[in-house]
Structure formats: structure tokens, C-alpha cells
S.K.: 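Here it is: the structure, laid out below.
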Number of protein chains: 2
Amino acid sequence: MANASNYQIDAEILGLEAKAAYNFALSNQRTAMDKIEEVLVSLRRVIRATDLHSKKLVKTASVTGPQLLLMQILQNKGDMTISELARDMSLSQATVTTVLDRLEKRELITRVRSQQDKRKVYPQLTHKGSKILESAPTALQDDFVRRFKNLNDWEQGMIIASLQRVAEMMNAETLDASPFLDVGALDRGEIERS
Amino acid sequence: MANASNYQIDAEILGLEAKAAYNFALSNQRTAMDKIEEVLVSLRRVIRATDLHSKKLVKTASVTGPQLLLMQILQNKGDMTISELARDMSLSQATVTTVLDRLEKRELITRVRSQQDKRKVYPQLTHKGSKILESAPTALQDDFVRRFKNLNDWEQGMIIASLQRVAEMMNAETLDASPFLDVGALDRGEIERS
DNA sequence: CATTAAAACTTAGACCACTAAATAAATATT
DNA sequence: AATATTTATTTAGTGGTCTAAGTTTTAATG
């Protein structure tokens, strides 16, 4: 939201482009519904693609999506309690516990109890866990990253701005739909609406 | 890919905008890695948002993501066999069967055996199923759609083009990673890489 | 025609992710 | 000290997903 590194490409900056896109839109006589349809369709394709990615990831890296996400958060943010992890991942405490169970069994993390407050548990990445983290995800995104690098600067900027816009609109949506942060009251699912 | 209704906003069409974005990029001294980071971050936020959506959907519409997706495909494409559904959803036959089992138990679909080829089964939406389909998903996307409609034409176009670009790059990726269509060899997961 | 192969679907067995509710332990509060 | 709150775990149940091993039906072939 108030992200310092936010691409703020708006009408002022991209004023010239606006005209071009507008003309293009007119030339194709695209209705509002058509556009929304296209947004949703391509959005779904993006989701689908990342989903397939993740599935492949599971085969390759031998960790599941949630497991990997958890490890990544651990790596980036360091010491966190279960509840904090749960909040970060939008999962319930219980779910995080079971995910941690599996990771612990495979010795990818260890549980370290806080000495100050013995209720708290700080999961720690093991060496083994860190190593998996290094190799796993990058391999899968390399292709995408390579393709992205090959784009023109303006196109890269456009994509970033668009994605941020979309994310923003979606977040706003979930926010005013549930004003109170409701950790762990949700379920698992896919994408909808063709 | 060769989609007739594809937004083909490229350098030729958006030439003017390119300069603006380029200048902007320069002014911020953004490195390639920074950009990729931003793409991945916002992509993940988009995924996360849709994920939360779907979770809420489950509460609201009383169907899960895959279940809804299946019913939507049924609604849009009509008669399909289990295998075709599986291919469409990138799932294994067996998985689709179990999803159908649950839908059938709740009387949202029925199984109709083909008379021509008695091996084939054509799942059909029941009246009850259709009704759920009507109300469920739109409610959730209304907010997003409303926001999208409020954008300028040029911005709508930009977003569509960007999303399609991203989807395309991702699909290309999954394609050359697995040249043969590999139905049902995958697992379930999340999004990764912060 | 009989056998074999292929296709479509289902079943069985095994995980993982998730939630809600119950429990246990530690800390805060009054 | 008694009670309440916080934090993490356990348990029970639902779903989604896969692979591998059946069925049943259809097509192919000798």
C-alpha cells in the first residue's frame, strides 16, 4: 500500500500512453463486460499457471507449497512464533502446527522454545532446510524471470504497475469485506469464474 | 495464445507510453532484480488475494474451489466426459471422480451414462447446482469488478495486456518444461518466492 | 468368433492441508 | 491466590490429490 518502492505509473506519468490505449480500445469496440471477462480469464490463467508451477515444485523440491512458504517466511523474517506465522500465512495456528510437524519430522526445521516465555515456540530452519530453500524455488522461476528480463523496460514497468493495481484492488476488496482481521477462519480453494 | 480477442498492445501501439515509462524507470534507478522482485511480490499478493477469495467463497457458497470450477466448466462447455474435465482442470481422472462423488451426494450434479458409448459418463448440473452457480461466484467478484469498471479505459487496457503477457510467459514456461501434456501427474500447492 | 488391447471410469490406499473444538501450559491480571 | 488470557498442541472430521489396481465396455485383430 504505502510501499516506498511502489510503481506509481498513473495518468500523469503515462498520459501519452493513455491516448494510445484508449484509441485501441475504441477501435476494437470492446464493451465493459468484455473487458472484465478478459481480466478474469487472464487472471485465472495466471493463477492456473502458478498453480501448475507449484505442483511441479512439489515433485522437484519435495516440499509442498505451504511448507515452502513457511520456510521462506522463516528465512526472510527470522524468529517468529507459531501465531505470527499463522497470521502471515493466513492460516490457523493448528494448521501451522501440523505443517511444522511434517517439516520437523523431515528435519527441515527444529522447534526452539523461548526461555523468556516458555509458551512461545520459535521454529528454526535447519541446515538441511536452508539448502532446500536455496535450490527449490529459483529453479522454477528461472524461465519466467528470463522471459521477463527480455521485455522492454516500458513493458516491464507496465506489468509491474498493472499487477500492483490488481493486487491493490483485490486487497481492498477482502478488506472491506472483512473489517476485522480474521485469522484462521477460512478454507482452502482454487480460482473461480470463467 | 492465438486468441482472437487478445489485446495486442505492443511497442508499436504504445510507443509513446514506452518513453514515459522508460523515463520513469530511469528516474528511479530501478535494477533488473528490483523489478523482478516487485513482479513476484505483487504476483504473490494477487494469488494470495484470490486464494482468500476462494476461501471465503467456500463459506458463502458452500462449495469448494475445485467443485465450483468443475460446475462452471460444466455450465460453460456443456457435455463433457470425466477425462475431458480432468484435462481441462489439470487433474487426474480419479480426482475428478471423487470431486464428482461429493457433488453428486449433495445433488448438485448427476451422472448420465452415454448410450452410444457406455463407458462414457456425462456429468450434468442439476437445477440445484445451477442455482448455486448463479449466486455464488458473482457475489465475490462484484467488488473487484466494480473497482475495475471505475478505472480509466487506458488503465483497463494496460491491465488486460499485462495480465495476458504474464499468463503467456508463464504458460510458455510450463509448456517447454513439459512438452507432452501430462495429465494428472501433479500435486496441490501455493505460491512461492517472496 | 474369440481373444486381446484400449478406453473410461471407479476403488483403494495413502498423504497433505485445513478447520473447529478441546486440552495443556505459561503468563497476566486483579 | 484465583481467574483470565495467551500460546501451542492434539484430536476428529472434511476435502483434495495422487498412484496403482480394478471394472466394464468398446474396438481391433488374428
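In what follows, every chain begins at residue 1, and chains take the letters A, B, ... in the order their sequences are listed.
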S.K.: If the condition is salt bridge (Lys or Arg N to Asp or Glu O under 4.0 Å), which residues does A:D117 pass it with, not counting sequence neighbours?
M.R.: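 For A:D117, the residues satisfying salt bridge (Lys or Arg N to Asp or Glu O under 4.0 Å) (neighbours in sequence not counted) are A:R119.
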
S.K.: Going by side-chain contact (heavy atoms from CB on, under 4.5 Å), name the residues that satisfy it together with A:R102, two or more places apart in sequence or in a different chain.
M.R.: A:Q67, A:T98, A:V99

S.K.: Please enumerate all residues that pass side-chain contact (heavy atoms from CB on, under 4.5 Å) together with B:S162, with sequence neighbours excluded.
M.R.: A:M158, A:I159, A:S162, B:M158

S.K.: Between D:dT7 atom P and A:D79 atom CG, what is the distance in whole Å?
M.R.: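 Distance check: A:D79 CG to D:dT7 P gives 16 Å.
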
S.K.: Checking A:S130 now: which residues fulfil side-chain contact (heavy atoms from CB on, under 4.5 Å) with it, not counting sequence neighbours?
M.R.: A:L125

S.K.: Are any of A:S92's side-chain N or O atoms less than 4.0 Å away from OP1 or OP2 of C:dC18?
M.R.: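 So the side-chain polar atoms of A:S92 never come under 4.0 Å of the phosphate oxygens OP1 or OP2 of C:dC18.
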
S.K.: Hey, what are the protein-to-nucleotides 7-11 of chain C N/O distances that come in under 3.5 Å?
M.R.:
from	atom 1	to	atom 2	distance (Å)
C:dA7	O4'	B:R119	NH1	3.1
C:dA8	O3'	B:R119	O	3.3
C:dC9	OP1	B:I82	N	3.3
C:dC9	OP1	B:V121	N	2.7
C:dC9	OP1	B:V121	O	3.2
C:dC9	OP2	B:I82	N	3.3
C:dC9	OP2	B:S83	N	3.0
C:dC9	OP2	B:S83	OG	2.5
C:dT10	OP1	B:R111	NE	2.8
C:dT10	OP2	B:T97	OG1	3.1
C:dT10	OP2	B:R111	NH2	3.4

S.K.: Could you check how far NZ of B:K118 sits from C1' of D:dA27, rounded to whole Å?
M.R.: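 Spelled out: NZ on B:K118 to C1' on D:dA27 is 15 Å.
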
S.K.: Just the rounded figure in Å: distance from P of D:dT9 to CG of A:L91.
M.R.: 15 Å

S.K.: Which heavy-atom pair separates B:A167 from A:R45 by the least distance, and what is that distance?
M.R.: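 Between these two residues, the closest heavy atoms are CB-CB, 4.0 Å.
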
S.K.: Taking OP1 and OP2 of D:dC18, is either one under 4.0 Å from a side-chain nitrogen or oxygen of B:T95?
M.R.: yes

S.K.: Mind checking what makes salt bridge (Lys or Arg N to Asp or Glu O under 4.0 Å) contact with A:R165, not counting sequence neighbours?
M.R.: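 With neighbours one apart ignored, the set is A:E168, B:E155.
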
